[in-house]
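Worksheet: the structure to be examined is printed underneath.
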Amino acid sequence: MEPIRVILLPGSVLPAELAYGRLIEALGPGVHAVAKELELYKGDNVPPGWSLDTEVDGVLREADALGWETFHLLGYSGGGAAALALAAKHPDRLQSLALLEPAWAGNWDWSPAYAEHWKKFGELDALPPEQYMPAFMRLQVRPDVVLPPPEAGPPPPWMAKRPAGIRAFMQTFKDYDLDRSKLAAFSKPVFFALGGLSHPDDFGEVAARLARVFFPDFHLEVFPGRHHFDPPHRTEPGRLAEALRRHWASAEGRPEGQRLHSGSQSL
């Protein structure tokens, strides 16, 4: 039997290989997993006219180069937002969708708590770079979570691109038209991993909204001790890999897949 084919999109901070190395190892030889770097970071500066569509086009080029007509797509944080955009625009190319706390999921049906929380991200623009990242991280976890201090020594070279990249994501989230009706028509299986220590007015609300409005085959997997900056693909790769293999196998109708029923976890 052919390996399961999947493309993995990282978030706006860690490069793809650093983000997904442990998960790819845990997935094993039965999964052909490709960790794809964001188009956002291919050059020294944010590409002119960059948007989520730039990432969508990059994923399709990668799949075409691999000879994959269809494939599974997984996205974390900003990569999760790009994965939703691809699911809306090219559902025929996907066998399933896996979302690891997508940073954004459209500008409709926001709860009052989510709308208030989102305003706080806009207030970060006035901060200098050394204050921006700590404040950006703090907004995405529960108030009582203790975030680790920055690592000692100079930052890695790739970190220099990240503040501008994060701001580019925040801008496209304001402007991008994620087609609600097309996303609602996506009928392939959807897996959502949620950290129990992530901010409930952020990722918890996104999970509840997607489960409520969309995706007839939706499975939520909660990781109680994890949060957005301590995510399961890096800290619990074995458990996440097992859940993803079931998700992908059931999407393909493979005998080793166990069907994951919609609403199998409560929000």
Side-chain angles (χ1 to χ4, degrees), residues 7-27 33-52 54-55 58-59 62 74-83 100-104 117 120-174 193 195 197-199 202-203 223 225-238 240:
I7 293 176
L8 313 174
L9 290 179
S12 60
V13 179
L14 277 184
E17 290 187 2
L18 293 179
Y20 288 121
R22 294 188 66 195
L23 177 62
I24 290 173
E25 183 179 358
L27 287 170
V34 175
K36 183 195 174 300
E37 189 54 86
L38 295 174
E39 300 292 310
L40 182 63
Y41 296 131
K42 283 197 168 180
D44 292 334
N45 300 299
V46 175
W50 179 90
S51 75
L52 293 182
T54 312
E55 299 301 334
V59 171
E62 183 80 16
L74 178 149
Y76 161 74
S77 194
L100 312 181
E101 296 194 339
W104 175 84
H117 190 76
K120 298 176 183 177
F121 283 102
E123 297 169 359
L124 301 181
D125 289 340
L127 296 177
E130 67 273 11
Q131 296 179 24
Y132 184 92
M133 283 299 296
F136 176 77
M137 293 173 67
R138 171 53 55 194
L139 282 177
Q140 297 176 71
V141 298
R142 290 183 178 271
D144 58 343
V145 169
V146 177
L147 291 169
E151 293 186 10
W158 49 261
M159 182 59 78
K161 301 180 184 180
R162 268 47 190 181
I166 291 170
R167 286 184 166 91
F169 264 114
M170 299 304 288
Q171 183 59 50
T172 200
F173 295 161
K174 296 177 185 177
L197 299 180
S198 294
H199 203 295
D202 194 335
F203 304 109
F223 292 77
R226 302 301 165 204
H227 57 71
H228 198 63
F229 300 102
D230 179 38
H233 57 281
R234 287 167 31 212
T235 53
E236 293 189 53
L240 180 61

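Position 1 is the first residue of the sequence; numbering continues from there. As the structure is a prediction and not an experimental result, all values here were calculated from the model.
Within 6.0 Å of CG on Asp44 lie no more than 12 heavy atoms contributed by other residues, nucleotides or ligands. A 6.0 Å sphere centred on CD of Glu17 holds no more than 12 heavy atoms belonging to other residues, nucleotides or ligands.
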Go through it in stages, so that I can follow the logic: the residues are Phe169 and Trp104, the test is side chain to side chain contact (heavy atoms under 4.5 Å, CB included), and I'd like the CA-CA distance, side-chain angles, deciding distance and then a yes or no.
CA-CA 9 Å; Phe169 264 114; Trp104 175 84; over 6 Å; no
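If you look at His227 and Phe203, their ring centroids are not closer than 6.0 Å. Aromatic pair Tyr41/Trp50: centroids not less than 6.0 angstrom apart.
One side chain, Ser198 or Glu101, offers a donor N or O that lies under 3.5 Å from an acceptor on the other.
Looking at Leu8 and Val34, their side chains never come closer than 4.5 Å, going by heavy atoms from C-beta outward. In this structure the side chain of Val59 reaches within 4.5 angstrom of the side chain of Leu9, judged on heavy atoms.
With sequence neighbours left out, the side chain to side chain contact (heavy atoms under 4.5 Å, CB included) criterion links Arg22 to Pro237. Qualifying side-chain hydrogen bond (donor to acceptor under 3.5 Å, both in side chains) partners for Arg162, counting only residues two or more places apart in sequence or in other chains: none.
The one candidate from His117, Glu123, His199 that meets the side-chain contact (heavy atoms from CB on, under 4.5 Å) condition with Leu139 is His117.
Here the side chain of Glu55 pairs a donor or acceptor atom with the backbone of Leu40 at under 3.5 angstrom. Under the 3.5 Å distance criterion, the side-chain polar atoms of Thr172 are left unmatched by any main-chain donor or acceptor of Ala168.
A cation-pi contact, defined as under 6.0 Å to the ring centre and within 45° of the axis, links Arg167 to Tyr132.
Here Glu236 pairs with Arg226 in a salt bridge; the nearest charged N to carboxylate O distance falls below 4.0 Å.
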